[in-house]
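Shown below is the structure under consideration.
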Protein chains: 2
Amino acid sequence: MTLFDIHQIDETIHGRVRLGIMAFLAASGTADFTSLRKHLAVSDGNLSTHLKKLEDAAYIAQHKSFAGRKPLTQIELTPQGRTAFLAYLEAMSRLVSASAM
Amino acid sequence: MTLFDIHQIDETIHGRVRLGIMAFLAASGTADFTSLRKHLAVSDGNLSTHLKKLEDAAYIAQHKSFAGRKPLTQIELTPQGRTAFLAYLEAMSRLVSASAM
DNA sequence: AATTATACTTTGTTTTTCAAAGTTATTTGT
DNA sequence: ACAAATAACTTTGAAAAACAAAGTATAATT
């Protein structure tokens, strides 16, 4: 019986919204603030807070620019972010394997 | 590109400690309070709170008895709990598949 | 008999999540 | 042209969640 160790879980990624952000970015490479907010169906304040947390962990980078004269925030996974997300996925794979019922 | 929907995640299970409880119970059938606390390496107060939350959701049942005169709490997965955990695992499998990088 | 340990629950604090309100600039309607 | 509405965020405050310290009750140890 291979037991699953909860301490393998990276809490920075594990949160529902941040997990959605990471999965989206892993699939798409980059995203802008608005499409992320629409895709995840969260409030803008909430998204902003979670992005900041991921940025503080250096898992994403936010590039603020202007599209014409409107602010545009483009978000991308950093190499560390990709590595951490891979590790998270592996931990989840282990959970799934260990728990197959 | 199959995108992962964060609203599929059952927050009652997703929390790190509760996920550990569910995985342990899924593997072992039942457990007592003390072995769960040791395995998860959490404080007793913390464990008590999470168990109550899972009990409120009817995902586990707690049977309080005495071993000699010492209180003994035995915890088991309910059928609903097993079903919900299976659904959670499937959601996580989808995440892993969708995110394979 | 007094201290230490076991098995919890309750309470209070810290941390996290989330949305309402605020900011700044833009577009639309009249 | 001027007000009103929209866009793209950030900041702030409130609600919820997580956690550990303290409390309760009994048992074992010295």
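Below, chain A is the first sequence line, B the second, and so on; all start at residue 1.
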What's the shortest heavy-atom distance between A/I21 and A/L47, and which atoms? CD1-CD1, 3.8 Å
Options C/dC8, D/dC9, C/dT9, nucleotide nearest the side-chain atoms of A/T34: D/dC9
Does the A/T73 side chain pair with the main chain of A/D32, one donor and one acceptor, at a distance under 3.5 Å?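 Judged by distance alone, no pair lies under 3.5 Å.
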Rounded to the nearest angstrom, tell me the gap between atom CG in B/L72 and atom P in D/dT26.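 Answer to the nearest Å: 16 Å.
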Spacing between B/F33 atom CZ and C/dT6 atom C1', to the nearest angstrom: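 Taking atom C1' of C/dT6 as the reference, CZ of B/F33 is at 11 Å.
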Contacts table for residues 37-46 of chain A: side-chain donor-acceptor under 3.5 angstrom, sequence neighbours left out:
residue	atom	partner	partner atom	Å
A/S43	OG	A/N46	N	3.2
A/N46	OD1	A/H50	NE2	3.0

So if I take residues 36-53 of chain A and measure heavy-atom distances to DNA chain C, which residues fall below 4.0 Å? A/S43, A/G45, A/N46, A/T49, A/H50, A/K53
For side chain to side chain contact (heavy atoms under 4.5 Å, CB included), just list the numbers for A/I9 and B/L19, CA-CA rounded to whole Å, side-chain angles, deciding distance to a tenth of an Å, and then say yes or no. CA-CA 10 Å; A/I9 295 180; B/L19 182 54; 3.8 Å; yes
Identify the heavy atoms of B/I75 and B/L25 that sit nearest to each other, and give their distance. O-CD2, 3.5 Å
5'-to-3' dot-bracket of DNA chain C (Watson-Crick, G-U; under 3.5 angstrom; crossing pairs as [ ]; | other strand): ||||||||||||||||||||||||||||||
Gap between atoms CD and C1', on A/Q74 and D/dC9 respectively (whole Å): 15 Å
Quick one: list whatever passes ring pair (Phe, Tyr, Trp, His ring centres under 6.0 Å) with A/Y88, sequence neighbours left out. A/H14
In numerical order, the residues of residues 6-20 of chain A whose heavy atoms come under 4.0 Å of DNA chain D are none
Report the residues that fulfil side chain to side chain donor-acceptor pair (under 3.5 Å) with A/E55, sequence neighbours left out, ordered by chain and then residue number. none
For B/E76, is there any backbone N or O sitting under 3.5 Å from a side-chain donor or acceptor partner on B/T30? no
Any side-chain to backbone donor/acceptor pair from B/R18 onto B/T12? Under 3.5 Å, distance only.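 It does hold such a pair.
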Do you know the tightest heavy-atom contact between A/A84 and A/D10?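 The answer is CB-OD2, 4.2 Å.
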